[in-house]
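Structure record follows, encoded as structure tokens.
Just so you know, ligand 1 is whichever comes first in the structure, and atom 1 is the first atom listed for that ligand.
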Amino acid sequence: MRLILAPMEGLADVYLRRLITAQGGFDWAVTEFIRVIDQPLPDRVFWLRCPELLTSSQTESGTPVRIQLLGNHQSAMAENAAKAIELGSYGIDLNFGCPSKTVNRSKGGAILLKEPESLYRIVTSVRQALPLGTTLSAKMRLGYEDATLMLENALALQDGGADEITVHARTKVQGYTPPAHWHCLEDIRQALNIAVIANGEIWSPADYERCREVSGCEDAMLGRGAIRFPDLAQRIRSQAAQPMPWSTLAGLVEAFWKDITEQMPQRYCAGRLKQWLHHLRQAYPEAEQLWQCVRTETDPKRLTMLLNRGS
Ligand SMILES: Cc1cc2nc3c(=O)[nH]c(=O)nc-3n(C[C@H](O)[C@H](O)[C@H](O)COP(=O)(O)O)c2cc1C
């Protein structure tokens, strides 16, 4: 079984990646996507999205981090992939699932699921640019409007040279609305001879087990479930039903706050804290209370006081 921390733009950045992977259980993490238009990107873009490049592409706790690229320009994708590897990324992941209107309008992300031949073209081109032995993965949804091209798309990724694919078991149109259609992953798995990593709606060890039974996939990528329950991967491994108590999690919230206020521009800190608390409050009543106390506050000093009082 391999468990992967999902790429989540604006959410699973270097700070939450560090904190969540430190709870254990993850085999690797994927960065937020780097958007490729038609040019090679400067090195600083890679360092910004993946500061772990400076530490052998590993988080502090030693979890490898893989850079994700999003775009449709095959030679620019290839060049940037080669650059990311040169800078030390733990493989390359390609994004064919992003539902954002802006991204889709410029023919990036999930819109490409309408054109299996484009997936094939991009993956082939990236594969050819990578040094031998580099892991290339790709992440797709079941389709754009519907899942009719699901197998063609998955096969295009495999035939183009992907070593493994992650499938978010929903179409673009289904967005993030439950359920995730794990049974479709079984059909994809049967059609492919590379690993298929299941993704979507895994919030607990019991969900993982059900997903595994229905999809036949041993490997899973955890997204919002790992944000809401930072110890989710570890609990899936140890089959522990109960998440960490609030007393432990409150310490992590404080550490996160300290980390971001020391390293991020002040104007972003309050938003980032509230964003995480918003996820946590779905699971922890104490996080709900804390969120209610801090939600209208923007001043970092006062937020520190409120956090000390509330946690
Ligand atoms: C805030 C947010 C940002 C996301 N950003 C990305 C991204 O940059 N690249 C990507 O491939 N998927 C992205 N996703 C999709 C997730 O990786 C994952 O496929 C999705 O959340 C379903 O998994 P989950 O139900 O476990 O959350 C994002 C999801 C969320 C909620």
Side-chain angles (χ1 to χ4, degrees), residues 3-17 20 25-26 28-36 45 48-50 65-71 77 84 91-104 108-113 119 122-123 136-143 153 157 162 164-182 184-185 196-208 210-212 215 217 219-230 232-233 235-236 271-272 274-280 282-283:
L3 298 174
I4 300 107
L5 178 60
M8 284 175 278
E9 222 252 318
L11 186 58
D13 61 2
V14 64
Y15 306 104
L16 270 186
R17 277 203 298 273
I20 292 173
F26 285 102
W28 72 91
V30 181
T31 66
E32 304 158 88
F33 68 78
I34 295 180
R35 181 101 181 263
V36 172
V45 174
L48 205 67
R49 276 298 213 210
C50 186
V65 182
R66 180 171 301 166
I67 286 182
Q68 186 184 68
L69 300 178
L70 180 154
M77 288 290 278
I92 295 292
D93 188 62
L94 302 176
N95 178 324
F96 298 114
C98 180
S100 147
K101 276 202 180 74
T102 325
V103 167
N104 286 180
I111 194 92
L112 291 168
L113 298 172
L119 299 195
I122 296 164
V123 179
L136 175 60
S137 53
K139 183 160 175 279
M140 61 176 273
R141 284 177 176 252
L142 297 179
N153 281 321
L157 297 177
E164 55 202 6
I165 65 169
T166 301
V167 185
H168 176 182
R170 277 183 278 241
T171 63
K172 183 269 173 194
V173 169
Q174 287 163 345
Y176 292 94
T177 310
H181 304 277
W182 295 328
C184 295
L185 306 180
V196 176
I197 301 167
N199 171 237
E201 297 297 319
I202 298 178
W203 301 94
S204 65
D207 288 342
Y208 167 80
R210 249 180 300 124
C211 174
R212 191 171 60 87
S215 69
C217 299
D219 302 333
M221 177 177 272
L222 310 175
R224 292 159 303 157
I227 302 287
R228 198 182 286 186
F229 302 105
L232 179 58
R235 282 167 52 222
I236 289 174
R272 288 310 316 276
K274 289 179 208 174
Q275 183 195 35
W276 191 29
L277 282 177
H278 179 63
H279 282 268
L280 296 179
Q282 329 277 332

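Taking every heavy atom of Ala6 and a limit of under 4.0 angstrom, the matching atoms of ligand 1 come to 17 (O). Applying the 4.0 Å criterion to heavy atoms of Gly200 picks out, from ligand 1, the atoms 23 (O), 25 (O). If you number the atoms of ligand 1 from 1 as listed, the ones under 4.0 Å from a heavy atom of Glu201 come out as 24 (P), 25 (O), 26 (O). Taking every heavy atom of Arg224 and a limit of under 4.0 angstrom, the matching atoms of ligand 1 come to 21 (O), 24 (P), 25 (O), 26 (O), 27 (O), 31 (C).
In this structure, the side chain to side chain donor-acceptor pair (under 3.5 Å) partners of Arg35, at least two apart in sequence or on a different chain, are Ser106. Residues forming a ring-ring contact (aromatic ring centres under 6.0 Å, His included) with Trp276 (at least two apart in sequence, or on another chain): Phe256.
Polar contact with ligand 1: absent for Thr31 (N/O pair, distance under 3.5 Å). Between Glu32 and ligand 1, a contact under 3.5 Å exists for no N or O pair. Polar contact with ligand 1: absent for Ile202 (N/O pair, distance under 3.5 Å). In terms of N/O distances under 3.5 Å, ligand 1 is not approached by Leu222.
Judged by distance alone, the side chain of Arg210 and the main-chain N or O of Pro205 form no donor-acceptor pair under 3.5 Å. Listed for the Asn104 side chain is a donor-acceptor partner under 3.5 Å among the backbone atoms of Cys98. Checking side-chain atoms of Gln68 against main-chain N and O of Asp93 turns up no donor-acceptor pair under 3.5 Å. In this structure a side-chain-to-backbone donor-acceptor pair under 3.5 Å is present from Trp182 to Gly200.
Scanning the protein for heavy atoms near atom 9 (N) of ligand 1, the closest one is Gln68 OE1, 2.8 Å. Scanning the protein heavy atoms around atom 18 (C) of ligand 1, the nearest turns out to be Asn199 OD1, 3.3 Å. Looking only at heavy atoms of the protein, atom 6 (C) of ligand 1 is closest to Pro7 O, 3.2 Å. Nearest protein neighbour of atom 26 (O) of ligand 1, counting heavy atoms only, is Gly223 N, 3.0 Å. Distance from atom 1 (C) of ligand 1 to its nearest protein heavy atom, with residue and atom name: Glu9 O, 3.8 Å. Considering only non-hydrogen protein atoms, atom 8 (O) of ligand 1 sits nearest to Phe33 CD2, 3.1 Å. The nearest heavy-atom contact from the protein to atom 21 (O) of ligand 1 is Tyr176 CE2, 3.5 Å.
Taking each heavy atom of Arg141 and Gly97 in turn, the nearest pair found is NE-O, 2.9 Å. Closest of all the heavy-atom pairs between Met8 and Leu222 is CE-O, 4.4 Å.
Residues Asn199 and Lys139 are in side-chain contact: their nearest non-hydrogen atoms beyond the backbone lie under 4.5 Å apart.
Geometrically, Arg272 does not engage Tyr15 in a cation-pi contact defined by less than 6.0 Å to the ring centre and at most 45° from the axis.
Proximity annotation for atom 15 (C) of ligand 1: of Lys139, Met8, His168, Lys139 comes nearest, heavy atoms only.
Contact annotation: for Arg170 versus ligand 1, heavy atoms closer than 4.0 Å belong to the side chain alone.
Residue Trp203 places no heavy atom under 4.0 Å from ligand 1. Ligand 1 lies nowhere less than 4.0 angstrom from a heavy atom belonging to Gly10.
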Please report the C-alpha distance between Leu113 and Leu119 in whole Å, then the side-chain angles of each, then the deciding distance to 0.1 Å, and finally whether the side-chain contact (heavy atoms from CB on, under 4.5 Å) criterion is met. CA-CA 7 Å; Leu113 298 172; Leu119 299 195; 4.0 Å; yes
Determine, stepwise, if the pair Leu112 / Ile122 fulfils side-chain contact (heavy atoms from CB on, under 4.5 Å). CA-CA 10 Å; Leu112 291 168; Ile122 296 164; 3.9 Å; yes
